[in-house]
Amino acid sequence: MSAQEAISEVSSFKIDDSERYFRTVSTYDENNKIVNTSFQQKIDKDLYDQRKETTPDLVKEGSDGSYYVVVSNKSKNSDGKDKFVDTIYADLDFQKKFEKRGKNSLLNELEKGQDDALKKATGITDSTFKGQQTTFKNTVAAVDGFLDGIGFNIDSKNLPLSFEGRRRLKYDNLYYPLSIASSKQDRIVFSMRYISGSRDINFDLRNGGSLGLGKRTTTGINGSVTLPIPGGISDSNNVKFDNDSLDVLGALTFGAALNPVGALEAGADLLDQALNSDRDALAKALGGERGSNLISALRIGLAQAAVGRKGMFSRIGGGILNPNLELLFQAPGMRTFNFSFTMSARSAKEAIQIKKIIRFFKQGMSVKRSTNNIFVLSPNTFTINYKLGNTGNDHPSIGKIKECALTDLNTTYGNGSTYMTFDDPDRTLTTYKIDMTFKELDPITEDDYLSNTGPLADPDEAFQQSNAFPGEIGY
C-alpha cells in the first residue's frame, strides 16, 4: 500500500495579537508510521496565486476551497529524532510561538488535531500515533517506563513447579451403608483433587490496573466416598461488613494525603495561625462559631496526638467529634460446611469399608512432602455433591458446594461413653463417628448465579419456564 494522507481540521491560534488558522497534513505508511508532517497556514486566494508562481511546492489548495501555505515540515533524522524545517513563509512571530513546548503550546494543539485526523483515517483508537509525536512521545515513554516497573507476570510455562510429590492418587469407591451403592436413596458423594501445576498470575497497570489470576490447575484423584445425606444439612452465605468512621480530622488528613503539595501550601499558614495567632480573628475569618469549633478541634486533636491521649474532647467539652459512623463492606465471606456421620458395621465387609472411609478423609487432608523435600505440599481438596438417588444427577433442591478444603476432622471411636468392640481379629469398634469441617476455596459471587440454564439457573426463571417450582438450586 502506498503512503496515505490524513488532514486535520483547521484550528485558530492567536499569534502577535492576530488570529491565524492552521492545519496539519500527515503522510503515513502501511505500518502506520508517520513519514512526514506538514504544518500549513491558511491564506487568501490572492496570496496563493502570488506564491504559486514562485514556490508551487509550498502552497496547497484544500478540498473545501480554502488555500494554504506550508510554514514547517517535520520528518525523522537518521537517528530517529524529530527534524523540523521551517520554510521561507515562517515569519519570526510564528517561529517563536512554534518553538515553545508544553501543554498549551501551538505544537501541542496542532498535534492533537493531527492525532484525531490519523485516528479517523485509520480507525486506530489507541496511542499508536501519540507515541510518534514530539509533545507526546516523551510523556508516553516515561509513563510506559513507570508502568513497566509496576507490574509482574508469573507464567506457569516459564516457571514450572511440580507439586505432585508423594501423594496417593488412587482410592477405592467406598460406600456406607453398603446397600446405598444399589439403592435409590439420595446421597452425598465426596471426591478429591490436588493442585497439579503452576498458576499464571499477571498484574499490569497499563491494562487499567488489572490483576489476572489464572485458573487453579487441579487433577482428580481416583476413588470416592458415598454416604447417606445426614439430617440438618444447611449452608450459610455471608459477607463481612464493619463499622467505619470519618471525623473532621480524619477527613483533613485524608485530603492532605491525596494532595500533599496543595495541603502544605494552603495549610501551613492556617496551622500557624490556629496555633499561634489571635483565635477570635481567625474564627471570624473562617466563619463564626463553626470556625471557632474547627480551630479548637484542630488544637485539641494535635495535642492528643502529641501526648498519646484520647477522650479529651469529652473531658473538656462533654462531646466528641462527629464520627460519621457507617456500616461499610469489608470483604467477601467464605462458607463453611459441617458434617457428622455415625457408622456402625453390620458385617465384616462393612467394617472394612468404614475404616477405609475414615482413612480416605484423614489421608486426603494430610500435608504432603515433595519428592526432594524442598516443599511441603498442600493437602488434597474435596468436591462435595448431593446426588438424586442413583441417577448420578445433582440434587435439584439442595444448594451446590464449591471445591473445599477439609480443615478439621474429629473421629470418635465407640459411642462416646462405652468401649465396645466386635469379637473379630481386628477388634472393630461397634460404632465410629466422624465430625468434619469443610471450607470453600473461593467466595461466592453473583457470577456464580448468572446462568440462565442448568444447575445455576434462577429459580424464578425456571418456574416461569416450567410452571413447576424447582426448589432452591444454585450455590
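Computed from a predicted model, the values in this text were never measured in an experiment.
Arg335 and Asn237 form a side-chain donor-acceptor contact under 3.5 Å, judged by distance and modelled atom types alone. Using modelled atom types, one finds a donor on one side chain and an acceptor on the other under 3.5 Å when comparing Asn380 with Arg167. For the residue pair Ser8 and Thr24, a side-chain donor N or O sits within less than 3.5 Å of a side-chain acceptor on the partner. Residues Ser11 and Glu109 have side chains that never bring a donor and an acceptor to within less than 3.5 angstrom of each other. Counting only N and O atoms by type, the side chains of Ser191 and Thr383 include a donor and acceptor under 3.5 Å apart.
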* Residue pair Leu47, Tyr67: steps toward the side chain to side chain contact (heavy atoms under 4.5 Å, CB included) verdict -> CA-CA 9 Å; Leu47 196 55; Tyr67 302 92; over 6 Å; no
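Across Gly223 and Asn173, no two heavy atoms sit closer than the pair CA-OD1, 3.4 Å. When every heavy atom of Lys74 is checked against every heavy atom of Asn36, the shortest pair comes out as O-OD1, 3.1 Å. Nearest approach of Phe360 to Met192, heavy atoms of both residues: CE1-CE, 3.5 Å.
Inter-residue side-chain proximity for Ile229 and Ile398 is flagged as met; some heavy-atom pair is nearer than 4.5 Å. Residues Tyr89 and Thr55 are in side-chain contact: their nearest non-hydrogen atoms beyond the backbone lie under 4.5 Å apart.
Ion pairing between a basic and an acidic side chain is recognised when a charged N comes within 4.0 Å of a carboxylate O; Asp448 and Lys402 show such pairing.
The ring of Phe94 has its center no closer than 6.0 angstrom to the ring center of Phe39. The distance between the ring centers of Phe337 and Phe382 does not fall below 6.0 angstrom.
In this structure, Arg23 satisfies the cation-pi test against Tyr68, with its NZ or CZ atom closer than 6.0 Å to the six-membered ring centre and inside 45 degrees of the ring normal.
With hydrogens and angles disregarded, no donor-acceptor distance shorter than 3.5 Å links the side chain of Asn31 to the backbone of Lys33. The main-chain N or O of Gly389 is found under 3.5 Å from a side-chain atom of Asp186 such that the two form a donor-acceptor pair.
How far NZ of Lys60 is from CD1 of Ile43: 11.5 Å, rounded to the nearest 0.5 Å. Rounding to the nearest 0.5 Å places OG1 of Thr122 at 5.5 Å from CG of Asn32.
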